[in-house]
Structures are given as C-alpha cells and as structure tokens.
Amino acid sequence: MKTLTPRVRQLLAAMSPRDKLGQMTQLSPDFFLSKPETLSTGPLQTLGVRPEDLPRIGSVLNVLRPSVLRQLQAQHLAADPHQIPLLFMADVIHGARTVYPIPLAMAASFNPGLLARTCAMAAAETRQLGLRVTFSPMADLVRDSRWGRVMESSGEDPYLNRVMSQASVEGYHRGWGSAEPGTGLPHPGLASCVKHFAAYGAAEAGREYNTVELSRLTLQQSYLEGYRGALLAGAELVMTAFNTFEQLP
C-alpha cells in the first residue's frame, strides 16, 4: 500500500468534505465548456452540482482534442484554490490514433505478448493526447452472445480472460518507450482501470443493467479471474459494474 506524501496530507487537511466529494466526481467536458445557465435546469440540477462546484471536480471523461484539454486544464487551475490538476480519462479500448483488432479478436489470437504490444502503442498515443487513464481492460467473462458488449471481452474462458487482462495492463503501463516531449525521458505509460467489477458479463438474458444469477463458487472460480489478472499486473483503478448480484427480495 502506497503511503501519502506530505503534500497530499497537507491538501487533505485543507479540503472540505465538498472538496473531497468533488475530487471523486467525474463530468463530461460539456459541463465546463457550455454556459452554466444552459445546464442549471438540467444535468447540473439533477446531479446536485452547482456552478461553483466545478473547480472542485477531479476528472473529465473523453476529451479527445488536446486544444480543448489544455483550455479546460488552464480554466480549472485558475479557479481551483487547491491547484489540483484535472485528471483526463477516456475509453481507449483497442487503440487511440491507431486502431487495432477488438479485444475479442485479440483474445482469439491466444497471444498475450501481441496484445501487450498493441496496448503499449495505444498508451503512447493516448498520452500524446493529454490523457492519463484508460477505462480498459474489460475483464468481464462473457458466455451469452446476446450481450451487446461481447466484443470488448476476451470471451468465455477464465484462464484466457485472466492472461489477456494481465497482458493489457502490463502493456498500458509499459508504454512504447518514446520520449515525453521536451524531456528525453522514457514514456511513462498509461494508468489502467479494469472493469466492470463484478460479473457484469453475466447479466441475465444479455440485457444491460440487469440481474446476475450466479453461485458464489462460479463467481470465484470463473468470473473473478479476469479482474484478478488485471490487479496482479497493477491496475490502478477498478470500475464498478451496473448489474445486481444476490438481490434481496
């Protein structure tokens, strides 16, 4: 477990509960680029986010243009009293600028080394866009072809799912060895967020946001293996699932 640096401890001591909640909130770029009054009776009101809360927000989803990213970051740092930079994240599933075969096709190659290399190249391109986190790999075991997200998975085998998830994270972390602009230092890679914990791929009848009916034995032996592989490789984040498991009557 990583220890907190003195700077982080100082920031936490100075932050209010609303500041900390803001750091755990992610919004789309529309909230920052649109005029606040156009959102006052819509998403802002629904979420309970006030215009003055925007400088507290911790991360932004799917900003794919570096010029927009720089604008948002400068705007944020000018308003945030704690000077905590925004963290920019995106769904980099099978490549950034360069597009590779979908995860299901890469799994069909039974070649984790090849998958790791494509993820490393994707990491290099993603960081050049200014992004620092990818919502990948999707480590959900899938055995129902009716589910609409099968193509993001490694299929139905627990061992293959674990091996490919681990290879993905290792590739994202390694990067492609290119230098950061102006530094000459090796490329540091990309942070990885494994998803969706847990057993999202077992949604009943292949329907999104549905109930999952599994025994705990099957959950442990089959469905958790993919997440295990990603975490063993050091994935920094875990995205929760959108299904109900062991729902009480």
Side-chain angles (χ1 to χ4, degrees), residues 26 59 61-62 64 87-96 98-123 125-126 131-174 189-212 214 218-245:
Q26 182 174 88
S59 61
L61 170 69
N62 287 342
L64 302 179
L87 185 60
F88 292 94
M89 311 181 184
D91 287 285
V92 181
I93 306 300
H94 55 108
T98 306
V99 178
Y100 304 103
I102 60 174
L104 187 64
M106 292 300 295
S109 73
F110 298 98
N111 190 336
L114 176 63
L115 176 60
R117 289 197 294 275
T118 63
C119 289
M121 290 186 282
E125 293 182 348
T126 302
L131 302 168
R132 294 296 180 264
V133 180
T134 175
F135 297 114
S136 177
M138 192 189 88
D140 300 316
L141 191 74
V142 182
R143 291 176 173 171
D144 189 338
S145 59
R146 293 174 295 180
W147 193 40
R149 302 185 67 168
V150 173
M151 73 290 297
E152 291 184 61
S153 76
S154 294
E156 63 182 5
D157 182 77
Y159 175 74
L160 181 63
N161 197 21
R162 175 166 61 83
V163 169
M164 299 307 265
S165 295
Q166 187 166 347
S168 296
V169 175
E170 290 172 350
Y172 288 131
H173 287 182
R174 184 168 70 238
L190 190 67
S192 175
C193 176
V194 60
K195 60 186 185 184
H196 307 83
F197 191 82
Y200 188 39
E204 194 172 0
R207 296 173 61 187
E208 287 276 85
Y209 310 106
N210 207 3
T211 302
V212 167
L214 285 177
T218 302
L219 177 70
Q220 289 284 343
Q221 290 187 341
S222 299
Y223 283 84
L224 294 185
E225 282 300 291
Y227 316 114
R228 192 190 317 276
L231 293 172
L232 285 173
E236 291 89 350
L237 297 87
V238 178
M239 185 188 298
T240 57
F242 309 116
N243 53 269
T244 302
F245 179 71

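If you're wondering where the values come from, they're calculated on a predicted model, not measured in any experiment.
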Legend entry - Leu141 side chain reached by Ser153 side chain, heavy atoms, under 4.5 Å: no
Inset, instruction - Would you name the heavy atoms of Gln26 and Ser59 that are closest together and state the gap between them? - result: NE2-OG, 3.1 Å
Inset, instruction - Examine distances only and state if a side-chain atom of Asp157 and a backbone atom of Tyr159 form a donor-acceptor pair shorter than 3.5 Å. - result: yes
Legend entry - Heavy-atom side-chain proximity of Asn161 to Glu225 below 4.5 angstrom: no
Legend entry - Atom pair CZ/CZ of Arg207 and Arg146 - distance to nearest 0.5 Å: 10.0 Å
Inset, instruction - Taking side-chain hydrogen bond (donor to acceptor under 3.5 Å, both in side chains) as the test, write out the residues that go with Thr98, two or more places apart. - result: Glu125
Legend entry - Minimum-distance pair of heavy atoms, taken over all atoms of Ala202 and Leu214: CB-CD1, 4.1 Å
Legend entry - Non-hydrogen atoms of Tyr227 and Tyr223 that approach each other most closely: CE1-O, 3.1 Å
Inset, instruction - Would you check if Leu232 and Val169 make a side-chain contact, meaning some heavy-atom pair closer than 4.5 Å? - result: no
Inset, instruction - Determine yes or no for a side-chain-to-main-chain donor-acceptor pair under 3.5 angstrom, with Asn210 supplying the side chain and Glu204 the backbone. - result: yes
Inset, instruction - Would you check if Thr126 and Thr134 make a side-chain contact, meaning some heavy-atom pair closer than 4.5 Å? - result: no
Inset, instruction - Verify, without hydrogens or angle tests, whether Arg143 (side chain) and Glu156 (backbone) share a donor-acceptor contact under 3.5 angstrom. - result: yes
Inset, instruction - Let me know which of Val133, Leu190, Asn62 forms a side-chain contact (heavy atoms from CB on, under 4.5 Å) with Met89. - result: Val133
Legend entry - Closest non-hydrogen atom pair between Met106 and Pro101, with its separation: CG-O, 3.5 Å
Inset, instruction - Report yes if some heavy atom in the side chain of Pro112 is under 4.5 Å from a heavy atom in the side chain of Glu170; otherwise report no. - result: no
Legend entry - Rounded distance (nearest 0.5 Å) linking atom CD of Gln166 with atom CG of Leu231: 10.0 Å
Legend entry - Residue list, ring-ring contact (aromatic ring centres under 6.0 Å, His included) with Tyr100, at least two apart or on another chain: none
Legend entry - Min side-chain heavy-atom separation Glu236-Cys193 under 4.5 Å: no
Inset, instruction - State the CD-NE2 distance between Glu152 and His196, to the nearest 0.5 angstrom. - result: 6.5 Å
Legend entry - Closest heavy-atom pair and its distance - Arg174, Ala120: NH2-CB, 4.2 Å
Legend entry - Check: Val92 and Ser136 side chains under 4.5 Å, non-hydrogen atoms: no
Inset, instruction - To the nearest 0.5 angstrom, please state how far the CG atom of Leu115 sits from the CG atom of Asn111. - result: 8.5 Å
Inset, instruction - Return the minimal non-hydrogen interatomic distance between Ile93 and Tyr172, and the atom names on each side. - result: O-OH, 3.8 Å
Inset, instruction - With sequence neighbours left out, write down each residue that passes side-chain hydrogen bond (donor to acceptor under 3.5 Å, both in side chains) with Glu208, or none if nothing qualifies. - result: Trp147, Tyr200
Inset, instruction - With rounding to the nearest 0.5 Å, note down the distance linking CE in Met138 to OG in Ser165. - result: 9.0 Å
Inset, instruction - Can you establish whether the number of heavy atoms outside Phe242 located under 6.0 Å from its atom CZ is more than 12? - result: yes
Legend entry - Distance in Å, Leu131 CG paired with Leu87 CG, rounded so as to fall on 0.5 Å steps: 9.5 Å
